[in-house]
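Every number for a ligand or one of its atoms is a count from 1 in the order of the listing. For clarity, every value in this text was computed on a predicted model and none was experimentally measured.
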Amino acid sequence: MSTLKETLFKKIQEQRPRTARLAKEYAGVSLGEVTIGQAITGAKGVKCLVTDISYLDPMEGIRFRGMTIPETFAALPKVPGSDYPYVEGFWYLLLTGDVPTLAQAQEVAEDWKKRSAVPEYVIDVLRALPRDSHPMAMFSASIIAMQRDSVFASNYAAGKFNKMTCWEDMYEDCTNLMAKLGPIGAYIYRMKYKGDTHIEADPNLDMGGNFARMMGQDAPYDDVARMYFILHSDHESGNVSAHTTHLVASALSDAYYAYSAGINGLAGPLHGLANEEVLRWTQAFMDRLGGEVPTEEKLKEALWATLNSGQVIPGYGHAVLRKTDPRYSSQREFCLKTPGLKDYPLFQLVKMIFEVAPGILTEHGKAKNPWPNVDAQSGVIQWYYGVTQYEFYTVLFGIGRALGCLANITWDRALGYGIERPKSVTTAMLEKAAGIE
Ligand code: NMX
Ligand code: MLT
């Protein structure tokens with residue numbers, strides 16, 4: 001049986017001539033124009049990034065290596081005794097484009113276990129931070145602290161940089177990081193919210209199982225973790241966390257510099273922090289109603305009040321999607337099929353918002369997409385299983401998002417993508433292009 005790294009190398013060798021041919025013979029082919037609007041409002045729709053790891057169709061939603069979310073969950077080998085796949089097998093899929101066998105997924109799981117110990121100095125860094133630091137700041141700090149262990153940076157400093165083989169160092173860094181992020185997230189959680197008590201990993205468990213264990217959560221939280229990490233993994237390359245990671249890595253910065261920067265982008269309320277904001281919003285609203293599920297009228301009033309105060313409705317809208325996010329639908333299905341959760345008041349409210357908010361956003365007339373995104377549905381599941389500290393939710397997103405970001409920067413090195421450097425123009429140049437005197 002070939003290892004993941006051997007299979008990846010084979011795929012890289014197959015892919016390189018395709019990329020080289022496009023860059024050499026077709027570099028001048030246009031992929032479209034850039035408008036003034038795109039230059040001012042965040043380059044939305046500008047086609048200037050390349051990835052084969054996932055693709056986002058505005059109407060269909062995400063496909064991982066060509067597979068929809070239900071197809072991905074169905075195809076991947078499952079953890080024994082669970083209906084959910086190995087996160088490690090999903091990493092294999094993202095990196096190679098092949099669905100692994102059970103044995104291949106388990107081999108990755110064993111490899112991650114060997115790499116999963118969190119260095120003592122990371123614990124020291126976390127403990128030195130004020131305990132009320134945001135968990136995303138703690139998460140980012142722990143990643144950047146590990147830069148001293150970068151295989152890529154150390155070989156580069158030793159003069160061993162080679163364009164054709166440097167992907168291997170990136171692969172080592174990314175795998176080391178991937179194996180440690182779950183334990184680091186769980187450490188932060190228990191340090192901040194569980195009286196600084198900690199639980200050791202169990203060598204018999206997979207990544208999702210160990211994350212649940214180290215969080216102090218019983219089954220089925222292991223399945224929730226597996227589902228979460230896979231659903232949040234990748235959303236093609238233009239989203240803030242993936243793009244930031246890619247951008248920073250394009251300077252030949254190593255995976256630690258790149259992903260801690262990606263995490264900093266994920267921490268913004270328009271991006272990953274929206275899952276925290278959704279829970280903040282719904283909880284504050286429920287509190288005002290004394291914990292009762294509101295009437296539709298009261299809900300409409302609250303949504304309008306949010307909009308009229310100039311705030312966004314968190315968890316709704318999207319830069320690319322123009323329909324309900326299939327990651328939202330997947331988590332909604334999880335809630336609907338889970339006894340207890342199905343009738344849980346907070347889920348009832350989330351369901352009600354889904355029925356009401358798109359109509360209000362349409363009437364409001366600003367958002368191009370009135371439908372819910374992944375963040376509108378993720379917090380309620382955590383809350384139900386007792387993870388009620390909603391400022392922690394974006395860390396969960398960040399553990400999952402690493403799968404996509406780190407698979408992408410491994411391929412960036414393998415294909416030798418260039419340092420990113422778009423051109424800026426001045427306002428006067430825009431006015432001239434617009435024909436404004
Ligand atoms: N509530 C109120 N207004 C909205 C919303 C919303 N949910 N979504 C978009 N708008 C407004 C937006 O602020 C903008 O207003 P203005 O012209 O005054 O600047 C206008 O509608 C046009 O924005 P769009 O082109 O539809 O959206 P854009 O692509 O700029 O931004 C989001 C996309 C996702 C940042 C935006 O929809 C939003 O702020 N949503 C709420 C926050 C959220 O859920 N973020 C999570 C995204 C997913 N993730 O996990 O990263
Ligand atoms: C994501 O998962 O990154 C978000 O949905 C935002 C995006 O795709 O732009």
Chemist: Counting only heavy atoms on the protein side, is anything nearer than 4.0 Å to atom 14 (C) of ligand 1?
Modeler: no

Chemist: More than 12 non-hydrogen atoms from neighbouring residues, nucleotides or ligands closer than 6.0 Å to CZ on R18, yes or no?
Modeler: no

Chemist: Using a 4.0 Å heavy-atom threshold (strictly under), name the region of N275 that reaches ligand 1: side chain, backbone, both or neither.
Modeler: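 Near ligand 1, N275 shows nothing, with every heavy atom at 4.0 Å or more.
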
Chemist: Would you check whether H271 reaches within less than 4.0 Å of ligand 2, judged by its heavy atoms?
Modeler: yes

Chemist: Please report which non-hydrogen protein atom sits nearest to atom 1 (N) of ligand 1, along with the residue it belongs to and the distance in Å to one decimal place.
Modeler: I313 N, 2.8 Å

Chemist: Out of all atoms in ligand 1, which are within 4.0 Å of some heavy atom of A319? Include the element for each.
Modeler: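 Those atoms are 29 (O), 33 (C).
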
Chemist: Heavy atoms only: give me the nearest M214-P183 pair and the separation to one decimal.
Modeler: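 Closest approach of M214 to P183, heavy atoms only: CE-CB, 3.9 Å.
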
Chemist: So, does L361 sit close enough to ligand 1 that a heavy atom of it is under 4.0 Å from the ligand?
Modeler: yes

Chemist: Mind checking whether D375 contacts ligand 1 via backbone (N, CA, C, O), side chain (CB onward), both or neither, at a 4.0 Å heavy-atom cut-off?
Modeler: side chain

Chemist: Among all protein heavy atoms in this structure, tell me which lies nearest to atom 3 (N) of ligand 1, with the distance rounded to 0.1 Å.
Modeler: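 The closest one turns out to be V312 CG1, 3.9 Å.
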
Chemist: State whether the shortest distance between N or O atoms of H235 and N or O atoms of ligand 2 falls below 3.5 angstrom.
Modeler: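 Yes; at least one N/O pair falls below 3.5 Å.
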
Chemist: Which value, rounded to the nearest 0.5 Å, describes the distance between H235 atom NE2 and N373 atom CG?
Modeler: 8.5 Å

Chemist: Can you see which heavy atom on F211 is nearest to which on A186, and at what distance?
Modeler: CE1-N, 3.9 Å

Chemist: Could you check whether atom 40 (N) of ligand 1 has a protein contact, counting only heavy atoms that fall below 4.0 angstrom?
Modeler: yes

Chemist: Taking atom 42 (C) of ligand 1 as the point of reference, which of P269, A376, G317 owns the nearest heavy atom?
Modeler: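 Going through P269, A376, G317 one by one, P269 has the nearest heavy atom to atom 42 (C) of ligand 1.
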
Chemist: Would you confirm whether any non-hydrogen atom of the protein falls under 4.0 Å from atom 23 (O) of ligand 1?
Modeler: no

Chemist: Is R413 positioned over the aromatic face of F152, cation under 6.0 angstrom from the ring centre and no more than 45 degrees off axis?
Modeler: yes

Chemist: Step by step, work out the ring-ring contact (aromatic ring centres under 6.0 Å, His included) result for Y328 and F354.
Modeler: CA-CA 10 Å; Y328 175 94; F354 180 44; 5.0 Å; yes

Chemist: Counting non-hydrogen protein atoms only, what is the nearest one to atom 45 (N) of ligand 1? Give residue, atom name and distance.
Modeler: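 Scanning the protein heavy atoms, the shortest distance from atom 45 (N) of ligand 1 goes to L270 O, 2.9 Å.
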
Chemist: Under the 4.0 Å line, does any protein heavy atom show up next to atom 37 (O) of ligand 1?
Modeler: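 Yes, there is one.
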
Chemist: For ligand 1, which atoms sit closer than 4.0 Å to a heavy atom of G315?
Modeler: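 Those of ligand 1 that fall under 4.0 Å from G315 are 43 (C), 44 (O).
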
Chemist: Give the residue, atom name and distance (to 0.1 Å) of the protein heavy atom nearest atom 5 (C) of ligand 1.
Modeler: A367 CB, 3.8 Å

Chemist: Using heavy atoms and a threshold below 4.0 Å, how should the contact between N373 and ligand 1 be classified: side chain, backbone, both, or neither?
Modeler: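 The part of N373 near ligand 1 is the side chain, not the backbone.
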
Chemist: Under 4.0 angstrom from atom 17 (O) of ligand 1, is there any protein heavy atom?
Modeler: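 So atom 17 (O) of ligand 1 lacks protein heavy-atom neighbours under 4.0 Å.
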
Chemist: Just heavy atoms, cut-off under 4.0 Å: does H364 contact ligand 1 by side chain, backbone, both, or neither?
Modeler: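 Neither; nothing of H364 gets under 4.0 Å from ligand 1.
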
Chemist: Would you mind listing which atoms of ligand 1 come within a distance below 4.0 Å of any non-hydrogen atom of A274?
Modeler: 43 (C), 44 (O), 45 (N), 46 (C)

Chemist: Given H235, K366, R322, identify the one with the heavy atom nearest to atom 20 (C) of ligand 1.
Modeler: K366

Chemist: Yes or no, since that's all I need: does a protein heavy atom fall within a distance strictly under 4.0 Å of atom 47 (C) of ligand 1?
Modeler: yes

Chemist: Please report whether ligand 2 has a polar contact with R401, defined as an N or O pair separated by less than 3.5 Å (distance criterion only).
Modeler: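 Yes; at least one N/O pair falls below 3.5 Å.
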
Chemist: NE2 of H246 to SG of C405: how many Å apart, nearest 0.5 Å?
Modeler: 11.0 Å

Chemist: In ligand 2, which numbered atoms sit nearer than 4.0 Å to a non-hydrogen atom of H318?
Modeler: 4 (C), 5 (O), 6 (C), 7 (C), 8 (O), 9 (O)

Chemist: Return the closest protein heavy atom for atom 25 (O) of ligand 1 as residue, atom name and distance.
Modeler: K368 NZ, 2.7 Å

Chemist: Which value, rounded to the nearest 0.5 Å, describes the distance between L396 atom CG and N275 atom CG?
Modeler: 7.5 Å

Chemist: Can an N or O of Q311 be found at a distance shorter than 3.5 Å from an N or O of ligand 1?
Modeler: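 No, Q311 has no N/O under 3.5 Å of an N/O on ligand 1.
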
Chemist: Within ligand 1, which atoms have a heavy atom of L307 less than 4.0 Å away?
Modeler: 1 (N), 2 (C)

Chemist: Write out the residue and atom name of the closest protein heavy atom to atom 7 (N) of ligand 1, then the distance separating them to 0.1 Å.
Modeler: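 Result for atom 7 (N) of ligand 1: Y316 O, 2.7 Å.
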
Chemist: Hey, which atoms in ligand 1 end up nearer than 4.0 Å to a heavy atom of F397?
Modeler: 50 (O)

